[in-house]
Amino acid sequence: MSPIDLTVIAVYMVATLGVGLAMKGKAATADDYFLGARNLPAWAVMLSIVATETSALTVISVPGIAARGDLRFLQLAFGYLLGRIVVAWWLLPGYFSGAQQTAYQRLEARFGAPTRRTLSATFLVTRFLADGVRIFAGAIPLALLTGWDVGWSIVVMGGVTLAYTFIGGLRSVVWADALQLGVYVAGGVAALVIATQMALQGGGGLSGVADLWARADAAGKLNLLDWSLSFSAPFTVLGGLVGGAMLSAASHGTDQIIVQRLLATRSLRDARWALVGSGVLVIAQFALFLLLGTALWAAGQAGDGLSGDEVFPRFIVQHLPVGLAGLVMAGILAAAMSTISSSISALASSVTS
């Protein structure tokens, strides 16, 4: 990897640490530290929710889904939005009754202390194991591009994440998430432009782009909705709405990693705005990375010998120009670090409570 790309990644790391330092000393109580004094703007919380649920695995694998198939994966995101709407009007009012700091304190009020302890312990164990996979996945491309050992890549990425999370609490996590979302979306847009140019072989203009997407449509790469009642098709409208809604209701309605952010907003109205808005933004984000996968297919980058998860990383290494490769790599790190920092904060608040 070129020194310029490494510099881009280093600047990103320094910027995230700067966010933590900017928040240092602003938390006088546990409520300040774990909930940002319940004074965070709804738009920032919305961006933080999206960044939190977007891991490095998402950024790497979603383009591969479209490169190998079509756009029907997006049906799942429609279910995500439906589930958030249900949570916003059904569960959120209960979380805003009283001065609760975690989702599990609400469960204790409804079902007793044994329920709170059991579900809090379940969250701690499963989140710890899941994020072990996420930080490992994020460290692999960093190790490949820098030549570092995977273990040291984990130490560097995890150490920076832990530092800004510890220094500034949830306030630091939310603002760093907003930065990280911007980084990986910018990387995705830049990669889409480069892949489209490769597919057009450097020419064609707007008419060429239209012809490109017409060719993708003729090949079935732009199929979006599957109205069948099949139980074997991987993505259908019914499966996406039901499965996506149930998954989103569980993760965004009872998981401390999301509920913590919603409790940090200024009011129930703001929390609802942030939660439902995040569902709309997730649909747009998935559409971006799926279209990137389609462009990679059109550019001949989805070779038969590659798995879906290899398509985008190999494109980054082999075809992105110096500087831009560093930006996209920083985007993958940003997606991993935003999830990890959110987990650290949520785990800490659950243990403390």
Sub-4.5 Å side-chain heavy-atom contact between Gln301 and Met198
yes

Without hydrogens or angle criteria, can the side chains of Asn223 and Arg72 be said to hold a donor-acceptor pair below 3.5 Å?
no

Trp297/Trp213 aromatic ring centres below 6.0 Å:
no

Please round to the nearest 0.5 Å and tell me the distance separating atom CD1 of Ile135 and atom CD1 of Ile340.
4.0 Å

For the residue pair Val280 and Tyr80, establish whether any side-chain heavy-atom pair is separated by less than 4.5 Å.
no

Is it true that a side-chain atom of Arg266 and a backbone atom of Asn39 form a donor plus acceptor pair closer than 3.5 Å?
yes

Intermediate values then yes/no, side-chain contact (heavy atoms from CB on, under 4.5 Å), Ile194 and Leu320
CA-CA 7 Å; Ile194 296 296; Leu320 290 186; 3.9 Å; yes

Leu119-Phe128 co-clustered via ILVMFWY side chain contacts under 4.5 Å:
no

Under 6.0 Å from the CH2 atom of Trp90, do we count more than 12 heavy atoms belonging to anything else shown?
no

I'd like to know if the side chain of Arg84 and the backbone of Ala249 have a donor-acceptor N/O pair within less than 3.5 Å.
no

ILVMFWY network linking Leu324 to Val322, side-chain heavy atoms under 4.5 angstrom
no

Does Arg127 come within less than 4.0 Å of Asp131, counting only side-chain N to carboxylate O?
yes

Is there a side-chain contact (heavy atoms from CB on, under 4.5 Å) between Leu47 and Leu281 once you walk through the steps?
CA-CA 8 Å; Leu47 297 179; Leu281 195 55; 3.6 Å; yes

Between Thr102 and Phe34, is the side-chain contact (heavy atoms from CB on, under 4.5 Å) condition met? List the steps.
CA-CA 9 Å; Thr102 72; Phe34 289 126; over 6 Å; no

Just by distance, do the side chain of Asp70 and the backbone of Lys221 share a donor-acceptor pair under 3.5 Å?
no

Taking every non-hydrogen atom, the tightest pair across Ala88 and Leu275
N-CD2, 3.9 Å

So do Met329 and Asp5 actually touch side chain to side chain, heavy atoms under 4.5 Å?
no

Under 30°, 30 to 60°, or over 60°: which ring-plane class applies to Phe73 and Phe286, parallel, tilted or perpendicular?
tilted

Atom CG in Leu74, atom CD in Gln285: separation rounded to 0.5 Å?
11.0 Å

Which pair of heavy atoms, one from Leu333 and one from Ile9, lies closest together, and at what distance?
CD1-CG2, 3.8 Å

Cluster question for you: counting only ILVMFWY and a side-chain heavy-atom cut-off of under 4.5 Å, with indirect links fine, are Leu92 and Leu247 together?
yes

Report the distance from atom CD1 of Ile258 to atom CG of Leu263, rounding to the nearest 0.5 Å.
11.5 Å

What pair of heavy atoms forms the shortest contact from Ala298 to Leu212, and how long is it?
CB-CD1, 3.2 Å

Val59 versus Thr54: any side-chain heavy-atom pair under 4.5 Å?
yes

Between Glu53 and Thr339, is the side chain to side chain donor-acceptor pair (under 3.5 Å) condition met? List the steps.
CA-CA 6 Å; Glu53 61 186 316; Thr339 302; over 6 Å; no

Kindly say whether Gly253 contributes a backbone atom to a donor-acceptor pair with the side chain of Tyr95 at under 3.5 angstrom?
yes

Between Gln256 and Ser349, a side-chain donor and acceptor under 3.5 Å
yes

Rounded distance (nearest 0.5 Å) linking atom CG of Leu71 with atom OG1 of Thr294:
4.5 Å

Does Phe96, at its CZ atom, have more than 12 non-hydrogen atoms belonging to other residues, nucleotides or ligands within less than 6.0 Å?
yes

Is there side-chain contact between Tyr12 and Val183, with heavy atoms separated by less than 4.5 Å?
yes

Considering all heavy atoms, the nearest Arg134-Ser55 contact
CD-CB, 3.8 Å

Using side-chain heavy atoms (C-beta onward) and a distance below 4.5 Å, is Trp227 in contact with Thr236?
no

With a 4.5 Å cut-off on side-chain heavy atoms, are Thr16 and Leu179 touching?
yes

Closer than 3.5 angstrom, by distance alone: can the side chain of Ser248 be matched with the main-chain N or O of Gly244 as a donor-acceptor pair?
no

Quick one: do Ser350 and Tyr104 satisfy side chain to side chain donor-acceptor pair (under 3.5 Å)? Show the steps, please.
CA-CA 8 Å; Ser350 294; Tyr104 311 110; 5.2 Å; no

Of all the heavy-atom pairs spanning Ile60 and Phe312, show the shortest one and how long it is.
O-CB, 4.0 Å

Between Val8 and Val11, is there shared hydrophobic-cluster membership here, with clusters defined by ILVMFWY side-chain heavy atoms closer than 4.5 Å?
no

Give a yes or no answer on whether the side chain of Gln75 reaches the backbone of Asp226 with a donor-acceptor pair at less than 3.5 Å.
yes

Where do Ile4 and Gly323 come nearest, in terms of heavy atoms and distance?
CG2-CA, 3.9 Å

For residues Val189 and Ile316: do they belong to one hydrophobic cluster (side chain heavy atoms under 4.5 Å, members Ile, Leu, Val, Met, Phe, Trp, Tyr)?
yes

Determine yes or no for a side-chain-to-main-chain donor-acceptor pair under 3.5 angstrom, with Gln318 supplying the side chain and Phe315 the backbone.
no

Side chain proximity check, Ser172 to Ile167, heavy atoms < 4.5 angstrom:
no

Begin from the C-alpha positions of Leu40 and Trp175 and carry the test side-chain contact (heavy atoms from CB on, under 4.5 Å) through to its verdict.
CA-CA 10 Å; Leu40 295 176; Trp175 290 113; 4.2 Å; yes

Return the orientation label for the Tyr184 and Phe289 ring planes: parallel under 30°, perpendicular over 60°, tilted otherwise.
tilted

Applying side chain to side chain donor-acceptor pair (under 3.5 Å) between Arg261 and each of Ser278, Ser345, Ser342, report the one that passes.
Ser342

Ignoring hydrogens and angles, tell me if any N or O in the side chain of Thr265 forms a donor-acceptor pair with the backbone of Leu262 under 3.5 Å.
yes

To the nearest 0.5 Å, how far apart are CD1 in Ile332 and CG in Leu327?
10.5 Å

Using distance alone, with no hydrogens and no angle criterion, decide if Thr115 and Glu108 have a side-chain donor and acceptor under 3.5 Å apart.
no

Distance alone, cut at 3.5 Å: any donor-acceptor contact between the side chains of Ser48 and Asp177?
yes

Nearest 0.5 Å please: distance from the CG atom of Asp217 over to the CG atom of Leu222.
5.0 Å

Under 3.5 Å: donor-acceptor pair, side chain of Ser341, backbone of Ser338
yes

